[in-house]
Amino acid sequence: MAKIIDGKAVSAAVKEQVKKETERLKSMGITPGLAVVIVGDDPASRTYVNNKKKACELVGFYSEEYALEGTTTQEELIALVKRLNRDDKINGILVQLPLPPQIDDKAVIAAIDPQKDVDAFHSENVGRIMIGEYKFLPCTPAGVMELLASENIDIEGKSCVVIGRSNIVGKPMAMLLLHKNGTVTITHSRTKNLKEVCLGADIIVAAVGIAKFLKADMVKQGAVVIDVGMDRDENGKLCGDVDFEQVEKKASYITPVPGGVGPMTIAMLMKNTLTAAKLANGIE
Ligand code: NAP
């Protein structure tokens, strides 16, 4: 039976650390500030934004929330981003994705000041991640690395398989494992021999977006399995990309959904915002 990695506990520890650091900054007259922008009324996005707001309160950040109409134009949104870029109270800007169809995500991300890009989606930050000289790491893959570290799981020389190649999760995830000297394979929907590739993995990170996609017969005995997925099962219940009940019997470590990677994403956002506040004030 696998050991379950407790994302709630690790996330609480990260937020506690951020809270302590925030107190130190506040004693120097600096309050980290995060602006969260949401366009339209997608219920899932709304929930994420509310959770981010709560996390800001918990760690002691100043926060602003902009809930814009679904009919907002790209020009209006970019004008807001530019105003936030100039606002000294704001250290981090997060534009909640997805955006409505009239707005080009890429144009909006490009407008965010890279020093305030706490999601690390701006091409400057993506490039920095590629060369290993980053200030911010994208929150979800960074959260996965924190979970692995919390259990002292060694990555060096290990065969790591990432299922999924999105810009938000799969690609940066692979890069972070590579930086830790993993031997990394990125797989996707056109991968022909996925089962064989996965069976060779010491560490599997599933970021597919298909409920219970990773079955026990794709996992070697003793592998570490990290589930990034946030999916719905046949009864509408939240579940991950991993067939948890079966895979748990073969893996050495596994993350649950909920309570695994999910809580880490917000904790890492808080950590990035703290970093942004330090950078803006020349503090290390
Ligand atoms: P995405 O952009 O839809 O990417 C999914 C990836 O899975 C794509 O690269 C796709 O391949 C690949 N894929 C699809 N079907 C496949 C198959 N049959 N075999 C192998 N690969 C396949 O999704 P995402 O944004 O990366 O998110 C992935 C999951 O993580 C979702 O469930 C999402 O909700 C969740 N998520 C969770 C958090 C969190 O905080 N926990 C954060 C972000 C995302 P192609 O490129 O070939 O299409």
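One-based numbering, in listed order, for ligands and for the atoms of each. Just so you know, these numbers come straight off a predicted model, no measurement behind them. Throughout, numbering of the chain's residues begins at 1 and tracks the sequence.
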Query raised in the report: Are Met173 and Met264 connected in a single hydrophobic cluster, I mean Ile/Leu/Val/Met/Phe/Trp/Tyr linked by side-chain heavy atoms less than 4.5 Å apart?
Result: yes
Report summary line: Exactly one of Ile112, Val108, Val95 clears side-chain contact (heavy atoms from CB on, under 4.5 Å) with Ile78, and that residue is Val108
Requested in this report: Would you check if there is a donor-acceptor pair between the side chains of Thr183 and Ser159 at a distance under 3.5 Å?
Outcome: no
Query raised in the report: So, Arg165 side chain and Gly170 main chain: donor-acceptor pair closer than 3.5 Å or not?
Result: no
Query raised in the report: Is there a path from Ile131 to Leu279 through hydrophobic residues (I, L, V, M, F, W, Y) whose side chains come within less than 4.5 Å of each other?
Result: no
Query - Smallest separation among heavy atoms of Glu65 and Val49, with atom names - result: CD-CG1, 3.8 Å
Query raised in the report: How far is atom 20 (C) of ligand 1 from its nearest protein heavy atom, and which residue and atom name does that atom have?
Result: His188 O, 3.1 Å
Query raised in the report: If you measure only the distance, is there a donor-acceptor pair under 3.5 Å linking the side chains of Lys212 and Gln246?
Result: no
Query - Shortest protein contact, atom 42 (C) of ligand 1 (heavy atom only) - result: Thr140 OG1, 3.2 Å
Query - Separation of Leu77 CG from Asp105 CG (nearest 0.5 Å) - result: 10.0 Å
Query raised in the report: Quick check: does Arg165 get an N/O under 3.5 Å from an N/O on ligand 1?
Result: yes
Report summary line: Looking only at protein heavy atoms, what sits closest to atom 2 (O) of ligand 1 is Ser166 CB, 3.4 Å
Requested in this report: Could you tell me whether Ile210 approaches ligand 1 through its side chain, its backbone, both or neither, with non-hydrogen atoms closer than 4.0 Å?
Outcome: side chain
Query raised in the report: What atoms in ligand 1 come closer than 4.0 Å to a heavy atom of Asp231?
Result: 32 (O)
**Report entry** Where at least one partner belongs to residues 75-86, residue pairs that pass side-chain hydrogen bond (donor to acceptor under 3.5 Å, both in side chains), sequence neighbours excluded
**Finding:** Thr73-Glu76
Report summary line: For Gly209, the ligand 1 atoms with a heavy-atom partner under 4.0 Å come out as 28 (C), 29 (C), 31 (C), 32 (O)
Query raised in the report: Would you say Asp241's side chain and Ile210's backbone share a donor-acceptor pair under 3.5 angstrom?
Result: yes
Report task. Pick one of side chain, backbone, both or neither for how Val208 approaches ligand 1, counting any non-hydrogen atom pair under 4.0 Å. Result -> both
Requested in this report: Indicate yes or no: does an N/O atom of Gly164 lie under 3.5 Å from an N/O atom of ligand 1?
Outcome: no
Report summary line: When distances are taken from atom 45 (P) of ligand 1, the protein heavy atom at minimum range is Ser189 OG, 3.4 Å
**Report entry** Enumerated ligand 1 atoms positioned under 4.0 Å from heavy atoms of Gly262
**Finding:** 41 (N)
Query raised in the report: Can you tell me which residue and heavy atom of the protein come closest to atom 39 (C) of ligand 1, and the distance to 0.1 Å?
Result: Thr265 OG1, 3.6 Å
Report task. For ligand 1, indicate whether the residue Thr187 contacts it via side chain, backbone, both or neither (heavy-atom separation under 4.0 Å). Result -> neither
Query raised in the report: Got the closest protein heavy atom to atom 18 (N) of ligand 1, with its distance?
Result: Phe213 CE1, 3.4 Å
Report task. May I ask you to identify the nearest protein heavy atom to atom 44 (C) of ligand 1, giving residue, atom name and distance to one decimal place in Å? Result -> Val169 CG2, 3.9 Å
Requested in this report: For atom 35 (C) of ligand 1, find the nearest protein heavy atom and state the residue, atom name and distance (0.1 Å precision).
Outcome: Val228 O, 3.4 Å
